[in-house]
Each structure stands twice: as structure tokens, then as C-alpha cells.
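A, B, ... follow the sequence lines: proteins, then strands. Residue 1 opens every chain.
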Amino acid sequence: MEKRGSVDGSSPPEWLLVELQGEVITRHNSGLAGNVMGDLLYTKEGVPVLIVGHHILYGKQVKLEKPFAVLTKHSSHSQDSLGSHDNSVITQVPMETNQQGPTSTSYSVSALIKRKLIFKTRPKPIITNVPKKV
Amino acid sequence: MRTLEEVRATLEIAKLKEEDLQKTIHCLSFGDNVSSADYCLMELDDTLCKHIEAGQSLVIRGDKDERAVLCSGDNTYDLKIADTSNLLLFVPGCRTPDQLTNSQDSSHVAHTQIWGFCNSYWELRKHRPKLKKLKKILMENPYEGPAIRGQEENTENRVKYTMEDLLERIQASEEEIKTHLETIHACQIDGYWRVLDFDYEMKLLGHVTQLVDSESWSFNKVPLQNSLEELAPLEPKEMIEHCLNCYGKRYNENDKVFYALHEDKVCRGVALMLLQNAVKFNLREFQEVWQQSVPEGMSTRLDQLKSVALVDRTSRPETICLLRVEDLPEDTLERFNHLFTLREKWTEDDITPYIQDLCGEKQTTGALLTKYARSSMQNGIKVFNSRRPVAT
């Protein structure tokens, strides 16, 4: 993870984006948090490879034409609740009233994303019942 | 948490050889935050990205149902949700091959959490810059030529603008302003940006074209030095050169500077000069006079007048009149209303030059017509009219 230095050091960190075709299906309906998603490897030539369940996907690293910002919503304006990374504040203001009352929402930029690993090739299924060599 | 042994077993099943891979293996798992709805992804352009990196703040305005706009400095962007059929995962701790040190001898597992994911993001569309105001404020005090000997330029008390002044007053970037200044033939005089009074600009053009004809030069090879010498008694050299820059392309040949006069620009300028003087012209008469008035060798064509003149082919005789897009309202709805007040039904060819500048990023005139006009067939041709009753 690269941190971009700037004069006052308040730039958000840079994260990586991983883009996959299709949805990730979990076996359990208990939700995703805590679950393993897969293994990400790189070949010696730098090609990213993702093993997800019974699929193997090959991808490539791409620089984004338009970077992304990851925005995290905050329900209050309290500056104390913001982490040290969250510097840039984006305030949503309703158009009718120009006041920042309880109805306004603010977002902070948790990270910037400038590069991604994109896995577009059709996943190859991994055949598991191959007899192991003795 | 997955161990290295488990990973190695997976590699074997997947028929991947450890020696073909780099040493760091990221085991990705979902973090605790993933299921909360409190985050989203927003696309940025370079300006916004630098803005955020500098720690500056932005404002989003709008209701839940209406479209939202993002305001930053002097730019306004429309925000629109874009769905992608792909899954986007954001992974803070994940390294790419160029970031791996590969200093270790054996493979190792890096447990990496996926912080969040989504399949849609906010897309930004920049509003087109509001440049009409630029010409308007400069027209408050157009440059009419050098002061007559003995008199001061009698506009001393009127406002003049430097580039800094313009940047403050116009909702556009410096680049956009500079380009537009060139389009309206503005020039810097004593550090202030000025537009030329139309008659003065035509006077300069007239001097140049008459000189080209009398010297029998090719209009593609007008020598700068000779032009300045010949015309110096009549006008300031800077103005002659400015006129050549507006209506021609500068080039060097054998250490001499020449200009290739731009046929379309010169013809258009001459047409504007002729059309200024009356409400409507008989089309045929106009075309004859026009052709005779342009430099030897240049050809006039009606399509040179797109967005500055309107031809009426339904009247007998056919007529032409001045209609400049820059004189029309800037707001899209007002523009359409105005156009439909001038003429009830328009063909796509006729109306397109007058709505082209209304298109935002990735928008077409076709899309605008679908939204703001109603189409029908007239004599086998598709025509557009207003969506609401308009008094003509």
C-alpha cells in the first residue's frame, strides 16, 4: 500500500481495486464478513492469478483512467470520530435548505484508488478429483 | 486463517508450480466492515484527485430524488450512479508485483482483508463551462482602434480586464478561458484582454484582403513583413498581426514568416460584415455580392455560415439572415424556446449548429432533440418543433 506524500501529509492512503466478473457466492448465508475469499498470486512475469473456490482466474494490472475515491459516510459532524486518514470531508447539503442541519450527511475520503487488478477471463474450473501421483 | 500448507495444497490442485510464482501469496478474506452500507465509490478526474490529495473539501448538493451535483472550486459536476456488471473489491493491504520485495527465499502468506466491495459507483460529468459571460463583459468596452491623434482613448473610465480578473468572474478554467478568447478574436492590449469592435475588426480584415489582391499574392502565402510595412501607415502593426493570426495560419519558409489565410474564416467574416446591415437578404443576391467581396481565389459556400446565419428555403424568394449562436440564450430550455419562437419547425441540419454547444460530456445533439423537441414528418423530411405551444 502506497502512501502519497504531500506538503501537509494529509493525503488519503492509496488502496488497490480488484475487479471480478460475476458475483462471489458464499456457501453459507451468514454473510461475508470473516469469510475467506480466495488466494491471490503473481507469476514471475507479474501476471495476477486468483483462485476462488473451484475456479482459477487470470488477470492483469491496469492503471485507472479515472481514479476512485472510497467515501465513508458519517452520520454526525463530530471530528473526533474520524480516523487519521479521513481528511477530505465531503458534505452533502440538501438543495432546498442551505443549512447543515441534522439532515445533512458528510463523507470522508478513506482512500484513493489509482490502480486495479482486473480478472476478466472466464474462470477455469479446477478439477479436484484428479488422482494424486504416488 | 489459511496456512501455507493449505495454500500449497491448493496450488497443487490448480496445477500451478510454486517456482513459477512470486514469493508473496495474498490470502484474501472479507473484513468486518463489508456488509455495512456506509461506504461508496466515486470516480474522480485529475483536478479533483489533486484537490483531495491536498486535503481540500468538497460539497455535494442535492435531494435524494433529484440529481446530485458536486461543487469544487469553480467546477460543477453532475453525479450519476453507474452500474457495472463486475464486482469491485477494495483491498488496503494488497501489493502489486512492483511493490513486492521478493527478498525472502521461500513463499509466505500475507493475510489481507477486503475492506469493502460494490458493483456501482458515482460517475462525474462536468458541466460545460459558462463562457457566454466572457464575451459579454469584454463587449462592455470593445477596442475600436488606436486613439485619434491628440485625444485619449475615450474609454478610460470603462472597465478593463486582466486574465486574473477574468478567472475571478468567469466560471471556467484558465484553459477554457484562453481557448474561448482565441475563438472570439480577443487580444491583449497593454496587459488587458480586449475584444475588437466588429467594424474595426472588419476594417483590419479589409486592409489585409485588399493588400493581398493588389499585390497579387496567393492567399496561402501572405508575407508578414511586407504586410506590416505596407499597412503601417493605416493601422498599428500589432493589430495587423493580430488580424493575420485570427484569420490565418502562421508558418516559416526560408527564414521568412508567412500566413496562409483560412478560406472559411475569411469568407465567414466577410459574410458577417454584409449581413450586419439588414434584417434579411435575398439569398441569390447575397451569394453574388459575397463571392465578389472575398479575395481572389477564395470560394464562398453556405456551409461556412453554419451557426452564424440562417437560410430560409420556404420563402419566395429564398432569404438569408444573421443568426449567431453566441447571441442566443445559454440555458438549454431557453435556447430551444428561442429557436422555436424564431421558426416553428426545424430540420435537423438547420438546428444542429445552434444546439451543438449545449451538449455536455458524452451527450449528442440527437439526445437533446429527443429530450427538448418533438419530431414529425413534413414532405418526407423529419422536422422538429417545440414540445409546448410557442407564440411565433
Need one label for [X]: side chain, backbone, both or neither, based on atoms under 4.5 Å from any heavy atom in chain B.
X       : value
A/Leu17 : both
A/Leu64 : neither
A/Val49 : side chain
A/Leu16 : both
A/Glu19 : both

Does B/Glu19 offer a backbone N or O that forms a donor-acceptor pair with the side chain of A/Lys44 under 3.5 Å?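 Yes, the answer is positive, given that a donor and an acceptor are paired below the 3.5 Å cut-off.
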Among the listed options A/Pro48, A/Gly46, A/Pro67, the residue most often paired with chain B at heavy-atom distances under 4.5 Å: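 If we count pairs closer than 4.5 Å to chain B, A/Pro67 comes out on top.
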Heavy atoms only: give me the nearest A/Gln61-B/Pro97 pair and the separation to one decimal.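 The pair with the smallest heavy-atom distance is OE1-CD, 3.6 Å.
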Taking the side chain as every heavy atom from C-beta outward, state whether [X] and [Y] have any atom pair closer than 4.5 Å.
X        : Y        : answer
B/Leu41  : A/Ile113 : yes
A/Thr72  : B/Trp115 : yes
A/Ile51  : B/Leu16  : yes
A/Val36  : B/Cys27  : no
A/Met37  : B/Leu89  : yes
A/Leu117 : B/Val91  : no

Heavy-atom contact with chain A under 4.5 Å, split by part of [X]:
X        : value
B/Val34  : side chain
B/Trp122 : neither
B/Leu48  : neither
B/Gln113 : neither

More than 12 non-hydrogen atoms from neighbouring residues, nucleotides or ligands closer than 6.0 Å to CG on B/Asp83, yes or no?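 Enclosed.
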Answer yes or no: does atom CD of B/Glu6 have more than 12 heavy-atom neighbours from other residues, nucleotides or ligands under 6.0 Å?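 It does: B/Glu6 CD has more than 12 such atoms within range.
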Anything under 30° is parallel, anything over 60° is perpendicular, the rest tilted; go ahead and classify B/Tyr121 against A/Phe68.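 Perpendicular, since the angle between the ring planes exceeds 60°.
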Inter-residue atom distance [X].[atom1] - [Y].[atom2], 0.5 Å rounding:
X        : Y       : atom1 : atom2 : value
B/Leu87  : A/Gln21 : CG    : CD    : 11.0 Å
B/Asp98  : A/Tyr42 : CG    : OH    : 8.5 Å
B/Cys49  : A/Lys66 : SG    : NZ    : 12.5 Å
A/Ile118 : B/Leu88 : CD1   : CG    : 9.0 Å
A/Thr43  : B/Asp20 : OG1   : CG    : 8.0 Å
A/Leu41  : B/Glu18 : CG    : CD    : 10.0 Å

For chain A, which candidate among B/Thr112, B/Ile25, B/Thr96, B/Thr84 shows the most heavy-atom pairs at distances under 4.5 Å?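 The candidate making the most pairs under 4.5 Å is B/Thr96.
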